[in-house]
Amino acid sequence: MSDPIKHECGIALLRLKQPLEYYLEKYGSALWGLNKMHLLMEKQHNRGQDGAGIANIKLDMQPGERYISRSRSVQKNPTQDIFDQINAKFKAIYDENPDKLKDVSYLKKNVGFTGEVFLGHLRYGTYGRNSIESCHPFLRQSNWMTRNLVVAGNFNLTNVDELFDVLVELGQHPKEKSDTVTVMEKIGHFLDVENDELYAHYKSLGYAKTDIYARIQDEIKIDKILKKASERWDGGYAMAGLLGHGSAFVLRDPSGIRPAFWYEDDEICVVASERPVIQTAFNLKEEDIQELKPGHALIIEKKGQVKELQINAPRELKQCSFERIYFSRGSDADIYKERKALGRLIVKDVLDSVGHDYDNSVFSFIPNTAEVSFYGLIKGLEEALNQDKIKQIQALGPNASSEALSDIINRRARIEKIAIKDAKLRTFITQDDSRDDLVAHVYDITYGSVRRGTDNLIVIDDSIVRGTTLRQSILRILDRLGPKKIVVVSSAPQIRYPDCYGIDMAKMGDFIAFEAAIALLRQSGQAHIIDEVYRAALEQVQLPKEQVKNVVQRIYAPFSDKEISAQIANMLTPVGMQAEVEIIYQSVENLHQACPGHTGDWYFTGNYPTPGGNKVVNRAFINWMEKRNERAY
């Protein structure tokens with residue numbers, strides 16, 4: 001993505017189902033689980049680079065023995081920093097007495113992160129400060145083991161204000177109004193209620209207090225807690241948690257917006273945000289791994305039993321399509337195929353833009369994340385060119401010369417590595433002109449790859465959000481090669497609406513497609529629509545979210561996708577450009593054809609999967625009209 005955006009977080013949960021002695025004997029290390037967690041988190045670093053955290057719980061510890069460990073970091077390489085800190089303790093033990101690293105009893109009593117249950121998190125901060133306090137996992141502590149709660153998630157809720165008010169009505173005094181704290185306190189409240197009910201029940205039967213808490217560990221109903229805690233959540237989430245006695249859970253939203261995958265055998269149960277991460281860490285086939293069902297929770301009991309239970313009724317499936325276009329690692333078998341399909345499906349529009357002139361067109365990609373869709377584009381070009389070749393050969397007739405046939409057969413789409421991002425330039429210069437000049441040199445270009453004044457240059461990107469990088473850097477760089485026309489192809493449709501489920505796209509003014517539609521309304525004498533939409537949005541502010549309609553869709557209604565694309569090209573073309581600039585976007589229909597299992601497209605269509613989405617988009621428009629530079633939720 002040429003416009004970098006911060007997006008979804010990553011989670012990793014690992015439960016060791018055997019005693020640590022088992023892993024020491026079989027794999028040669030009592031730290032086997034910790035090392036696997038390092039791998040699970042490192043293989044998801046694409047999902048979060050602002051911060052990272054890990055928590056660990058030891059099973060069956062005695063009173064007075066520490067059983068919860070946690071480490072978090074916001075350093076430059078946070079995951080590596082965390083494990084450097086943890087491993088430094090083991091290195092010190094090794095230097096003193098290597099045999100102690102094989103003494104499981106010693107490790108569990110004296111060293112952190114030697115337990116059986118792990119929860120890791122990688123953070124992209126879509127909102128708020130990038131501080132240790134903002135890093136998951138969050139910890140809700142208690143002297144009663146079964147009341148301790150560790151929470152980490154890939155999530156965002158649209159109705160934090162509503163949920164906060166509910167906590168206040170319960171008599172709580174939350175320390176801040178954020179979705180993470182609100183979620184943790186909501187789960188924590190019903191965890192306390194469950195503990196209280198079980199305690200009262202067994203006390204009435206005459207059980208001793210120590211016996212009661214032993215029974216609570218075995219009988220606490222996590223599904224009951226999660227049902228009560230999440231019944232009013234509006235958003236996308238894969239929410240993971242650990243209880244102090246060793247039970248664990250991962251809860252997925254009813255629309256399946258946020259991803260979660262899991263695997264279980266007699267040694268482990270593991271959950272991660274991406275399937276290939278589990279495949280790599282444990283050398284598994286893709287068919288071995290299951291996707292957590294929307295509206296369900298994977299519950300891992302203290303004794304190791306694993307259950308997938310429905311918590312909330314599943315809604316219409318709206319899995320995030322941006323996961324497939326950009327966010328997730330392209331090493332997933334299905335994602336790799338889908339990204340290639342996105343490139344292949346846009347071939348017709350690309351060829352139409354250059355008059356099917358293969359001989360005078362050069363094809364490339366920017367940035368590297370668009371490489372897989374570029375492969376699909378080239379495959380589609382080859383297929384189209386082969387059809388042209390067949391017609392040309394047939395037109396030659398039966399007496400065609402070898403030379404004529406050779407000329408036709410040897411025609412190829414011209415592929416070049418046009419731009420290379422060599423280094424990230426940093427500057428403290430504040431003057432816009434001077435800073436933009438530096439930004440315009442972020443990429444190195446391959447001189448001589450384009451014939452000046454003759455060739456078209458086509459580059460594919462995975463998406464275009466704001467267009468800032470195109471305008472300030474990429475188009476200027478490409479123009480230096482001297483093409484007669486530059487065609488920028490987005491494998492994603494036009495991003496028109498804010499996200500409120502975990503992607504940092506919360507303000508209307510951040511979208512070049514929105515700015516283009518506004519410009520077209522003004523140019524065509526339809527500026528009254530802007531005021532009408534504003535009034536309609538204001539009229540719905542006090543309505544319950546379930547009654548709110550997305551009125552911002554009216555901004556785009558008067559124009560075709562191609563009209564908006566043309567206006568975008570006009571707005572992003574820098575002054576002084578020599579080449580003609582055209583921008584082509586993927587259609588929503590082709591997106592769904594390429595990614596049939598991930599139909600969540602609200603940022604393209606405005607069709608939000610939860611009621612809170614409509615409230616957010618209207619508020620984002622109001623903020624834009626009132627020049628409020630703040631997110632809408």
Side-chain angles (χ1 to χ4, degrees), residues 12-42 53-72 79-80 82-120 137 139 141 143-146 148 150 152 210 213-214 217-218 240-249 262-272 278 281-284 300-306:
L13 187 151
L14 177 62
R15 166 64 196 269
L16 303 180
K17 297 171 71 175
Q18 303 292 337
L20 292 190
E21 289 85 354
Y22 173 92
Y23 306 96
L24 175 62
E25 180 178 349
K26 182 172 182 178
Y27 299 108
S29 174
L31 308 181
W32 182 83
L34 180 65
N35 293 334
K36 288 297 183 182
M37 277 300 294
H38 191 177
L39 188 56
L40 287 167
M41 293 177 67
E42 194 59 56
I54 185 173
N56 176 248
I57 289 181
K58 302 173 184 178
L59 302 180
D60 302 318
M61 301 302 288
Q62 296 301 309
E65 295 177 340
R66 183 182 177 191
Y67 60 95
I68 300 179
S69 303
R70 180 178 62 159
S71 179
R72 299 179 292 177
T79 300
Q80 189 60 51
I82 285 170
F83 284 94
D84 284 347
Q85 293 180 44
I86 294 172
N87 289 328
K89 299 175 183 177
F90 294 112
K91 184 179 185 303
I93 294 171
Y94 178 84
D95 291 341
E96 179 185 331
N97 185 350
D99 290 340
K100 286 185 177 179
L101 290 183
K102 297 182 180 180
D103 186 340
V104 170
S105 177
Y106 170 81
L107 291 174
K108 287 195 68 172
K109 288 181 179 179
N110 295 282
V111 189
F113 298 98
T114 55
E116 296 85 351
V117 195
F118 296 88
L119 177 58
L139 177 59
Q141 294 180 288
N143 264 355
W144 284 267
M145 184 178 283
T146 54
N148 280 285
V150 182
T210 54
Y213 278 103
Q217 291 185 31
D218 294 333
L242 312 178
L243 304 188
H245 64 284
S247 291
F249 65 86
W262 66 280
Y263 168 80
E264 178 200 14
D265 59 23
D266 60 352
E267 293 184 354
I268 61 164
C269 182
V270 57
V271 186
I278 301 176
F282 297 98
N283 193 25
L284 299 170
I300 309 169
E301 302 286 0
K302 187 208 170 188
K303 292 182 178 180
Q305 302 98 323
V306 177

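FYI, side chains are in, hydrogens and waters are out, and symmetry mates aren't considered; it's all heavy atoms of this structure. All values derive from a computational prediction rather than experimental measurement.
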Salt bridge (charged side-chain N to carboxylate O under 4.0 Å, His left out) contacts touching residues 54-71 (sequence neighbours left out):
Asp60-Lys302
Output all residues satisfying side-chain contact (heavy atoms from CB on, under 4.5 Å) with [X], sequence neighbours left out; order by chain, then residue number.
| X | result |
| --- | --- |
| Lys91 | Asp95 |
| Asp103 | Ser105, Tyr106 |
| Thr210 | Ala208 |
| Gln141 | Leu139, Asn148 |

Can you name the side-chain hydrogen bond (donor to acceptor under 3.5 Å, both in side chains) partners of [X], sequence neighbours left out?
| X | answer |
| --- | --- |
| Lys100 | Glu96 |
| Asp265 | Tyr263 |
| Asp84 | Gln80 |
| Thr79 | none |

Just jot down the ring pair (Phe, Tyr, Trp, His ring centres under 6.0 Å) partners of Tyr23, sequence neighbours excluded, or say none.
Trp32
Ring pair (Phe, Tyr, Trp, His ring centres under 6.0 Å) involving Phe83 - partner list, sequence neighbours excluded
His38
Using the test salt bridge (charged side-chain N to carboxylate O under 4.0 Å, His left out), find all partners of Glu267 that sit at least two apart in sequence or belong to another chain.
Lys26
pair Leu242-Leu13: side-chain heavy atoms closer than 4.5 Å
yes
